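Here's the structure, in structure tokens; my notes come after.
All heavy atoms count here, side chains included; hydrogens, waters and symmetry mates do not. It should be emphasised that the depicted structure is a prediction, and the values quoted were computed from it without experimental measurement.
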Amino acid sequence: LSLIIVIACLMIIIGMAKTKESKQKTYIQHFSFMILERNFVFDIGRDLFYLLIYNEMNKKTLGFDTMIFLDDETSNQYLLDDFDFYDTIARIIREGDGGVRQVHGFDSNIDKLKYDDKCFISNYFNPNDFYFHDCISLDRLITYFVGESKLIHSAIESYSFTDPSYISLNMLIITRFAEDYEQLADKYEQRFKDQSNLFNLLCIVLFILAILCTVGAFLIEIFLLIRFHNEIAIFRTLVLRLNPLYFVSNPDLLSTVYKSGKIDKAVTSSSHAMFQTAHDALFILKEDLIIESVNPSATNIFGFTPEQML
């Protein structure tokens, strides 16, 4: 029974370890895609700014007309690539892909940070409202930011990096996005640690329970053995009193009753059985009157072991 309890606890711990490993692997995957999403959002803001700079250079409104490290065609292609990469990452985060589980719905604490509004919004259709950018959820704000960036890109000639609408849009990167993504990273780290701490706690609890159950099973086994020996003794006494002649003439019954470790050798004859089961002290003497053997009643009556009386 003790062995069964230990094996069961080990199987439970192995199952918990596999579950923990699977969850932590999923957390790592989700965290990686969250970082990719953040990077592409920031890249969109950066490359859109570069493209607006080129737009101003073409209008001759700046004091220079070239940028050594980049040109307008390369900057435009970078921005298009950023949009494509972001759309791919956003789809994987929303729906999952292959061995990657969708992020939404996996952890309610993380969902709350990304998908819940921060405060009440009276009008969702007025992005110029002062509270709009501060109150909508991070997921809605990212969608809004990328959509507005695509709108500016499609009509780049009509915009300038000094336009209030662009400045307000670009400020989201250093305000809401920076703050919310940092909170998400902290939450992922906390949830990862929580999984490890929970696993360690459950292992300790299971270990303690295994010890207690093992000790309990051992005590129960000892109790059952003691009770079994007592019942055997009662059974032996009753059989002798009811029909001693039948008892001592049955070798199988004799062997069953007396193979208990208290008698040196198994009873094999009726006389041996009478000698061992008698309530009186009996001695077997040699021809020179030296004690050869004593029965159990003799040791109980005189208080000496068989070795001391021989």
Side-chain angles (χ1 to χ4, degrees), residues 33-91 93-94 103-104 111-187:
F33 281 105
M34 184 270 292
I35 294 297
L36 287 173
E37 180 189 56
R38 182 201 65 178
N39 291 344
F40 287 130
V41 168
F42 286 9
D43 289 347
I44 289 172
R46 179 200 62 202
D47 293 334
L48 181 61
F49 175 75
Y50 287 158
L51 204 57
L52 288 171
I53 290 291
Y54 275 111
N55 184 46
E56 294 298 320
M57 287 193 302
N58 293 333
K59 293 178 182 179
K60 307 298 182 180
T61 58
L62 298 178
F64 55 91
D65 57 1
T66 60
M67 294 178 68
I68 298 175
F69 60 90
L70 207 60
D71 57 64
D72 55 347
E73 292 183 2
T74 304
S75 181
N76 183 67
Q77 187 59 48
Y78 281 173
L79 184 57
L80 291 174
D81 291 341
D82 293 338
F83 288 142
D84 290 340
F85 290 145
Y86 167 78
D87 290 339
T88 301
I89 293 299
R91 178 185 60 80
I93 290 175
R94 183 176 60 255
V103 176
H104 184 58
D111 288 348
K112 185 176 181 180
L113 278 178
K114 188 171 184 180
Y115 299 102
D116 288 0
D117 293 334
K118 289 183 173 292
C119 51
F120 175 74
I121 302 174
S122 58
N123 185 4
Y124 273 106
F125 302 99
N126 183 17
N128 295 321
D129 189 340
F130 176 76
Y131 295 103
F132 180 81
H133 296 154
D134 294 333
C135 288
I136 65 173
S137 67
L138 176 61
D139 183 65
R140 284 177 174 268
L141 191 61
I142 294 171
T143 303
Y144 166 77
F145 175 84
V146 175
E148 288 294 307
S149 298
K150 289 180 177 179
L151 179 63
I152 294 174
H153 175 256
S154 65
I156 194 69
E157 298 296 333
S158 304
Y159 287 89
S160 168
F161 64 85
T162 59
D163 288 342
S165 59
Y166 170 74
I167 293 175
S168 175
L169 189 69
N170 199 48
M171 284 295 293
L172 294 177
I173 295 177
I174 61 176
T175 54
R176 276 291 304 276
F177 289 157
E179 178 184 352
D180 287 7
Y181 274 118
E182 183 178 1
Q183 291 178 358
L184 269 177
D186 292 339
K187 180 60 69 174

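Every residue meeting the ring-ring contact (aromatic ring centres under 6.0 Å, His included) condition with Phe145, not counting sequence neighbours, appears here in chain and number order: Phe177. The salt bridge (Lys or Arg N to Asp or Glu O under 4.0 Å) search around Arg91 returns Asp97, not counting sequence neighbours. In this structure Lys187 satisfies the salt bridge (Lys or Arg N to Asp or Glu O under 4.0 Å) test with no other residue, sequence neighbours excluded. Remark: Ile174 engages Met171 in a side-chain contact (heavy atoms from CB on, under 4.5 Å) (not counting sequence neighbours). Under the side-chain contact (heavy atoms from CB on, under 4.5 Å) criterion, Ile152 pairs with Leu48, Leu52, Ile156, Tyr159, Tyr166, Leu169, sequence neighbours left out. For Arg46, the side chain to side chain donor-acceptor pair (under 3.5 Å) test picks out Asp43, with sequence neighbours left out. Partners of Glu37 according to the salt bridge (Lys or Arg N to Asp or Glu O under 4.0 Å) rule, which considers only residues two or more places apart in sequence or in another chain, are Lys114. For the side-chain contact (heavy atoms from CB on, under 4.5 Å) test, residues two or more places apart in sequence or in another chain that qualify with Asp180 are Lys118, Leu138, Arg176, Gln183. With sequence neighbours excluded, no residue forms a side chain to side chain donor-acceptor pair (under 3.5 Å) with Tyr86. For Phe85, the ring-ring contact (aromatic ring centres under 6.0 Å, His included) partners are Phe40, not counting sequence neighbours. In terms of the side-chain contact (heavy atoms from CB on, under 4.5 Å) criterion, Ala178 has no residue partners (sequence neighbours excluded).
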How far apart are the C-alpha atoms of Met34 and Ile93, what are their side-chain angles, what is the distance that settles it, and do they pass the side-chain contact (heavy atoms from CB on, under 4.5 Å) test? CA-CA 8 Å; Met34 184 270 292; Ile93 290 175; 5.8 Å; no

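In this structure, CD1 on Ile44 lies 12.5 Å from CD on Glu148, to the nearest 0.5 angstrom. Separation of atoms CG (Leu80) and CZ (Phe83) is listed at 7.0 Å; rounding is to 0.5 Å. How far CG of Asp47 is from OG of Ser149: 10.5 Å, rounded to the nearest 0.5 Å.
Annotation: salt bridge (Lys or Arg N to Asp or Glu O under 4.0 Å) contacts involving residues 79-88, sequence neighbours excluded, comprise Asp87-Lys150.
Residues Asp163 and Ser160 meet the side-chain proximity criterion, which asks for heavy atoms closer than 4.5 Å.
Distance alone, capped at 3.5 Å, places no donor-acceptor pair between the Asp117 side chain and the Ile136 backbone. With hydrogens and angles disregarded, no donor-acceptor distance shorter than 3.5 Å links the side chain of Ser168 to the backbone of Ser165.
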